[in-house]
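Residue numbering restarts at 1 for every chain, and letters A, B, ... go by the order of the sequence lines.
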Amino acid sequence: MPLRVYNTLTRQKEDFQTVTPGRVTMYLCGPTVYKPSHIGHMVGPVIFDTVKRYLSYSGYGVTFVVNITDVDDKIIGEATKRNTTMAAVAKEIEQDYFDNLKVMGVDSIDHFPRATEHIQGMLDIIGTLVEKGYAYPLNGDVYFDCTKDDDYGKLSRRSIEEMLAGTRVEANDRKRSPADFALWKGSKPGEPCWESPWGPGRPGWHIECSAMAKKLLGESIDIHGGGLDLMFPHHENELAQSESCSGKPFARYWMHNGLMQSSGQAGKVGGQHDRHGDLLAEKQQQEAAKISKSTGAGSFKDLLKSHAPETVRFFLLATHYRSPIDFSDERLQETAKSLEGFHRLFKTYERIAGTSFFAITPAATRTEAQESPSLGLPAFQEELSSLRQRFLDAMDDDFNTGGAVGVLFDLRKTLNGFIAEQKLETGSPKPEAVAALTAGMTVLKELSNLLGVFRVAPAKAAAADDGLVNGLMELVIQIRADARKNKNFAVSDLIRDQLKALKITLEDRPEKTLWRRG
RNA sequence: GGCUCCGUAGCCAAGUGGCUAAGGCAGUGGAUUGCAAAUCCACCAUCCCCGGUUCGAAUCCGGGCGGAGCCUCCA
């Protein structure tokens, strides 16, 4: 099955064909760095990181660019409020963003261009647009003339007339048409500015993406991604100015991810709350901050205090990328619970094979993966290939990570079943059976790598007293084992119950007793 | 008001014309266990409502009800 991708431009799934065979260029709209990330900011990066992983696995050479918008009215506003500079705010928030990407395992982005480092590229495009008659200067600003662009509105499927019908027209605006948008904004005294043929000013919102995509990826790119909320006006305008400038198609596939929403509340995470934030009385703001913990509108770093990054990543990928995701603390807890079984399987594997699941290096490409050696256990091997195939079929169908996640659970069940059936945990298992299990675990590693999960061992609940706790537990388990040997179940059950109250669970295995927190 | 999108079990969710409608969480029964835990097996939905197209629809079309996003420089 060939890879199919849903294209917002055509509103259908299309066979995936790149501009240059074997190569993919991807551009994702990144953050405006004026406030620390909330969970909504992680949705796009996690999804498109996964897209890149899958494309690379499928054999493409992929270049992935995410921009940083470090010049913007909101950053200026934040800087004024904090009595500092736009650059200082931008730098601080950008670092917060990078920290969050790192912890989420988003490490496939090749370039993070900053808007302020590409001003000349923007001026070049604006110059060309003015020359070609697509744009006009007006009192230090430069506007794009939407009426000059025949197919303006093709991405969001709206006509200029329709848009104007529903919008209030600002009376003091001297733009030729209210739909026209700023490519360049003349600056007021004291504001950050750059020199330009039209006087000092700063770029409009959309032009930076056109300039940076062109510079780093070329005039025609393969995939342009972003949140659904950016489709209009941002992407529509970006597309209009890029194509008017180059005369070539700007992006082959427009991919829009659904937005994170607060459970039980109207609106997307970080949307309405922030918009009127400044208008709220201080007391109401405090109240809002309290609520935000449960709605996901709080900072991402705060969220990570109560949830593992892997849980968040899994949670985001369990739903199809085009659907809205309902955020709630309960949902995340449920996800964490569903992952425990995987981590128990990894430990079980380690006991059986003596090596860590996380040390397994699986096949890096699809072609490589299909050349697996024979296991001498045809039925098991066939089941593994069939599961892999189901996983890849799901991914080939517009990156259906939700379906793929389901296969991962099936694979877990198969591996657990194999362990039980082959009695790998008791006595001395057959080496070929252990080798087969390793082959199965390798498939699990291969597929989970594509989603960017289970890449490293979970951070231990570690504390300095770990050695002491381990020693004490060994002692307690020894005492309990003696009691059990003597059929003194009153004592052994008391120990187990009391430990349970301390959030320690015991597992009596045939060989020995295991313990774990939680 | 205009433009998009969505409505699948108690909850989350995949599936968009045809085998017994994935999977997770919760629940029930069984195997296993001294009892548990863990694991495995089994059970648990005719797909918001009405009408239409079709040999056949959760899946296509029309209408209704309900929800969401955008039209406001928000990922």
Side-chain angles (χ1 to χ4, degrees), chain A residues 8 11 13 28-32 35 37-45 47 66 69 72-74 153 156-159 161-168 170 179 181-182 185 204-206 225-234 236-237 256-261 266-275 314-315 318-320 322-326 328 330-331 333-341 344-345 347-348 390 394 397 400-410 412-413 416-421 425 484 487 489 492-493 496-497 500 505-510 513-516:
Chain A
T8 306
R11 308 288 156 101
K13 288 181 195 171
L28 172 68
C29 286
T32 299
K35 263 187 174 178
S37 323
H38 58 252
I39 186 171
H41 291 112
M42 291 296 113
V43 177
I47 287 165
V66 176
T69 301
D72 176 270
D73 290 353
K74 280 201 291 248
S156 56
R157 306 235 165 152
R158 54 186 91 200
S159 65
E161 302 82 68
E162 277 168 4
M163 278 160 38
L164 300 184
T167 314
R168 277 168 294 146
E170 305 95 86
F181 56 91
K185 301 158 91 163
W205 179 29
H206 321 296
L228 203 53
D229 53 344
L230 294 181
M231 187 167 87
F232 188 91
H234 182 54
E236 192 70 72
N237 293 347
H256 288 99
N257 59 271
L259 303 178
M260 177 71 65
Q261 289 166 213
K268 62 201 171 188
V269 165
Q272 302 276 323
H273 315 284
D274 292 342
R275 187 160 306 153
F314 211 92
F315 169 69
T319 303
H320 190 93
R322 280 189 278 118
S323 305
I325 309 179
D326 229 22
S328 80
E330 293 71 39
R331 205 74 315 119
Q333 280 172 17
E334 192 182 299
T335 303
K337 216 163 198 175
S338 74
L339 295 183
E340 283 172 10
R344 277 194 291 267
L345 172 61
K347 290 216 171 98
T348 304
R390 276 177 54 209
D397 183 13
N400 181 0
T401 54
V405 161
V407 179
L408 237 40
F409 282 100
D410 281 340
R412 178 178 85 183
K413 192 174 282 189
N416 275 324
F418 184 74
I419 290 168
E421 171 203 309
E425 283 233 86
R484 291 181 70 215
K487 306 246 183 267
F489 296 122
S492 68
D493 289 353
R496 190 173 59 200
D497 292 347
K500 189 74 197 170
T505 306
L506 295 184
E507 274 183 52
D508 291 327
R509 300 288 183 134
T513 296
L514 303 175
W515 68 277
R516 65 167 187 273

Which part of the nucleic acid does [X] contact within heavy-atom distance under 4.0 Å: base, sugar-phosphate only, or nothing?
X        : value
A/Gly44  : nothing
A/Gly227 : sugar-phosphate
A/Pro324 : nothing
A/Lys185 : base
A/Gly30  : sugar-phosphate
A/Arg158 : base
A/Asn416 : sugar-phosphate
A/His320 : sugar-phosphate

Less than 4.0 Å between a side-chain N and a carboxylate O, is that true for A/Lys500 and A/Asp497? no

Less than 4.0 Å between a side-chain N and a carboxylate O, is that true for A/Glu340 and A/Lys337? no

d([atom1], [X]; [atom2], [N]) in whole Å:
X        : N     : atom1 : atom2 : result
A/Arg331 : B/G24 : CZ    : C1'   : 10 Å
A/Lys347 : B/A37 : NZ    : P     : 19 Å
A/Phe181 : B/C71 : CZ    : P     : 15 Å
A/Asp326 : B/U8  : CG    : P     : 12 Å

Given [options], the nucleotide with the shortest approach to the side chain of [X]:
X        : options             : result
A/Trp205 : B/A68, B/C73, B/G34 : B/C73
A/Asp72  : B/C73, B/C25, B/C35 : B/C73
A/Arg11  : B/A14, B/C35, B/U4  : B/U4
A/Ser492 : B/A37, B/G34, B/A75 : B/G34
A/Asp397 : B/G15, B/A75, B/C35 : B/G15
A/Cys29  : B/C73, B/A75, B/A37 : B/A75

Taking [M] as the reference, what is the distance to [N] when you measure between their [atom1] atoms (whole Å, please)?
N     : M     : atom1 : answer
B/C25 : B/G66 : C1'   : 26 Å
B/C65 : B/G27 : C1'   : 31 Å
B/A45 : B/G15 : C1'   : 14 Å
B/C44 : B/G29 : P     : 15 Å
B/A21 : B/C47 : C1'   : 8 Å
B/A38 : B/C49 : P     : 38 Å
B/A36 : B/A31 : C1'   : 15 Å

Rounding to 0.5 Å, atoms CG (A/Leu28) and CG (A/Asn257) come to a distance of 7.5 Å

Let me confirm one number: the CD-CZ distance from A/Glu507 to A/Arg516, rounded to the nearest 0.5 Å. 5.0 Å

Pairing partner (Watson-Crick or G-U wobble, both distances under 3.5 angstrom) of [N]:
N     : value
B/A68 : B/U4
B/C43 : B/G27
B/C55 : B/G18
B/A37 : none
B/U32 : none

Between [X] and [N], is there a contact of a side-chain N or O with OP1 or OP2 at under 4.0 Å?
X        : N     : value
A/Asn400 : B/G15 : yes
A/Arg322 : B/C5  : no
A/Thr32  : B/A75 : yes
A/Lys337 : B/A26 : yes

For the residue pair A/Leu345 and A/Ile419, establish whether any side-chain heavy-atom pair is separated by less than 4.5 Å. yes

Counting C-beta onward and ignoring hydrogens, is there a side-chain heavy-atom pair between A/Ile325 and A/Phe315 closer than 4.5 Å? yes

Does the aromatic ring of A/Phe409 sit over the six-membered base ring of B/G24, closer than 5.5 Å centre to centre and tilted less than 30°? no

Would you call the rings of A/His234 and A/His206 parallel, tilted or perpendicular, taking 30° and 60° as the class edges? tilted

Nearest-nucleotide comparison on RNA chain B, the residue closer to the 5′ end among A/Phe232 and A/Met42: A/Phe232

Both A/Met231 and A/Lys413 contact RNA chain B. Which one's nearest nucleotide lies toward the 5' end? A/Met231

Would you find a donor on one side and an acceptor on the other, under 3.5 Å apart, between the side chain of A/Gln261 and the backbone of A/Asp326? no

Using a distance-only criterion (donor-acceptor N/O pair, under 3.5 Å, no hydrogens), is the base of B/A38 paired with the side chain of A/Arg344? no

